[in-house]
Amino acid sequence: MADSVAVEDQKFCLKEVLNTFKLCLSENKEVYLEHYVAGWRGLIKFLNSLGSVFGFISKDAVNKIQILVNHMNDENGSQYVTVQSMVKYELENELVDLTKRGSHPESGCRTLLRLHRALRWLELFLERLRTSKEDSKTSVMCAEAYNESLSQHHPWVVRKAAGMAFCMLPGRLSFFEVMNVGQPEQVVAMLGEALPLISEVYQITEDLYAQHNLLELP
Ligand SMILES: CCCCCCCC/C=C\CCCCCCCC(=O)N[C@@H](COP(=O)(O)O)[C@H](O)/C=C/CCCCCCCCCCCCC
């Protein structure tokens, strides 16, 4: 059983996140919700270690993870083993608000979609970090990745707040240190290992959501 979301005060380790994303895919390329959620929890540890200015982002991500964990732990939890089984179950039982928010504001499908969009931001950001130069700015890389992805789904006020938070990001070297991997070359190598895994999980979910017309859930 997945437990509740208590990620505060835990130390981040990129290797751990890499391992959870490795566990995400089944042999037939289904995405295990348990490991997907564990991957996000690891990332939130990182976010929390950057300071309270990122608290509003962390809070939203924790809320969404908690919704998914609640589904996984409730009486129909066996339907929430993979993203594929969740989508099938919720659609077959009309548990998703498809066009406007109604009686299912916390469906697994709409909740996961928000994290899925954020995973695209992560992919773009990590790729920039991986190929960055010594004088590259994390705030710029983060903002560029955000503008190319998540920002399209956020209202002005959220975009503004996110933009201000990005300016508070530590420089590239301090950022690498928080990852707890070792020298910058080792961080870059590990990012190179993590990115294809994250991209594959993203693409499989994207294709599944596209196939069921779920990419714009309210
Ligand atoms: C490998 C280590 C390096 C990278 C570590 C990154 C750590 C990131 C951890 C968590 C990322 C946060 C994920 C945010 C999910 C946002 C979901 C969302 O879009 N929610 C909005 C819509 O929800 P509904 O209203 O429809 O329910 C909600 O309005 C959002 C509110 C909060 C603002 C979200 C801003 C997201 C900015 C992108 C993340 C920046 C993190 C920077 C730190 C490096």
Side-chain angles (χ1 to χ4, degrees), residues 5 7-8 10-21 36-68 97 100-101 104-130 132 137-172 174-181 186-195 197-198 202 215-218:
V5 185
V7 290
E8 292 81 10
Q10 296 169 16
K11 212 169 177 198
F12 176 82
C13 171
L14 181 59
K15 180 88 187 155
E16 222 176 273
V17 171
L18 175 67
N19 288 337
T20 56
F21 277 104
Y36 191 89
V37 159
W40 276 110
R41 292 170 78 164
L43 291 165
I44 291 167
K45 274 192 224 172
F46 183 92
L47 195 60
N48 288 344
S49 71
L50 297 179
S52 56
V53 71
F54 297 93
F56 74 105
I57 303 176
S58 166
K59 195 168 166 221
D60 185 69
V62 167
N63 282 342
K64 289 184 166 49
I65 289 172
Q66 189 64 61
I67 293 171
L68 293 176
D97 292 333
K100 61 176 177 23
R101 296 196 79 172
H104 304 293
E106 298 200 336
S107 69
C109 287
R110 73 89 61 190
T111 303
L112 188 119
L113 176 62
R114 270 56 186 176
L115 294 173
H116 168 68
R117 290 168 176 165
L119 198 64
R120 176 66 181 152
W121 159 80
L122 183 72
E123 186 187 355
L124 295 170
F125 178 51
L126 295 186
E127 178 56 19
R128 280 175 166 80
L129 267 184
R130 189 184 73 81
S132 59
K137 288 195 181 329
T138 48
S139 55
V140 172
M141 293 186 269
C142 185
E144 285 175 355
Y146 177 73
N147 292 338
E148 269 182 41
S149 55
L150 254 189
S151 77
Q152 299 151 30
H153 305 284
H154 289 164
W156 181 87
V157 65
V158 171
R159 292 202 302 267
K160 202 74 192 157
M164 290 194 306
F166 298 157
C167 295
M168 306 303 285
L169 283 172
R172 181 177 175 272
S174 316
F175 202 89
F176 279 4
E177 273 164 26
V178 187
M179 288 184 178
N180 266 321
V181 174
Q186 293 169 285
V187 176
V188 167
M190 197 167 288
L191 287 175
E193 219 185 309
L195 267 160
L197 298 169
I198 292 172
Y202 174 83
L215 285 169
E216 298 301 329
L217 290 180

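Whatever order the structure lists ligands and atoms in, that order sets their numbers, starting from 1.
- A search for ring pair (Phe, Tyr, Trp, His ring centres under 6.0 Å) contacts involving Tyr202 returns His116, not counting sequence neighbours.
- In this structure, atom 16 (C) of ligand 1 lies nearest to the protein heavy atom Asp60 OD2, 3.6 Å.
- Closest protein heavy atom to atom 22 (C) of ligand 1: Arg114 CG, 4.0 Å.
- Here the heavy atom of the protein found nearest to atom 38 (C) of ligand 1 is Leu150 CD1, 3.8 Å.
- Under 4.0 Å from ligand 1, not a single heavy atom of Leu129 appears.
- The contact set between ligand 1 and Val158, taken as ligand atoms under 4.0 Å from a residue heavy atom, comprises 33 (C).
- Heavy-atom distances between His153 and ligand 1 stay at or above 4.0 Å for every pair.
- Between Leu191 atom CG and Met179 atom CE the span is 5.0 Å, to the nearest 0.5 Å.
- Protein heavy atoms all stay at least 4.0 Å away from atom 25 (O) of ligand 1.
- Looking at Leu191 against ligand 1, nothing comes within 4.0 Å, counting heavy atoms.
- Side-chain atoms of Asn48 and Ile44, non-hydrogen and from C-beta on, do get closer than 4.5 Å to each other.
- Interface atoms of ligand 1 facing Met179, defined by a heavy-atom separation under 4.0 Å, are 2 (C), 3 (C).
- Short contacts between ligand 1 and Arg110, defined as distances under 4.0 Å to a heavy atom of the residue, involve ligand atoms 24 (P), 26 (O), 27 (O).
- Arg101 has its side chain within reach of Arg110: a pair of non-hydrogen atoms, C-beta onward, lies under 4.5 Å apart.
- Scanning the protein heavy atoms around atom 40 (C) of ligand 1, the nearest turns out to be Phe166 CE2, 3.6 Å.
- Residue Phe12 has at least one heavy-atom neighbour below 4.0 Å for each of these atoms of ligand 1: 1 (C), 2 (C).
- Taking 4.0 Å as the cut-off, Lys59 does not count as a neighbour of ligand 1 on heavy-atom distance.
- In the vicinity of Phe46, heavy-atom distances shorter than 4.0 Å reach the ligand 1 atoms 5 (C).
- Closest heavy-atom contact between Ile198 and Glu123: CG2-CB, 4.3 Å.
- In the candidate list His154, Met168, Lys64, Arg117, His154 is nearest to atom 19 (O) of ligand 1, counting heavy atoms.
- Although no hydrogens or angles enter the test, the distance criterion places no donor-acceptor pair under 3.5 Å between the side chain of Arg117 and the main chain of Ser149.
- In this structure, atom 43 (C) of ligand 1 lies nearest to the protein heavy atom Leu47 CD1, 3.5 Å.
- For ligand 1, the atoms lying closer than 4.0 Å to a non-hydrogen atom of Trp40 are 10 (C), 11 (C), 13 (C).
- Here the protein heavy atom with the shortest distance to atom 14 (C) of ligand 1 is Ile57 CG2, 3.9 Å.
- Among all non-hydrogen protein atoms, the one lying nearest atom 1 (C) of ligand 1 is Leu14 CD1, 3.5 Å.
- Residue Val17 places no heavy atom under 4.0 Å from ligand 1.
- Between Phe46 and Phe125, the ring center distance fails the sub-6.0 Å criterion.
- Nearest protein neighbour of atom 9 (C) of ligand 1, counting heavy atoms only, is Leu43 O, 3.6 Å.
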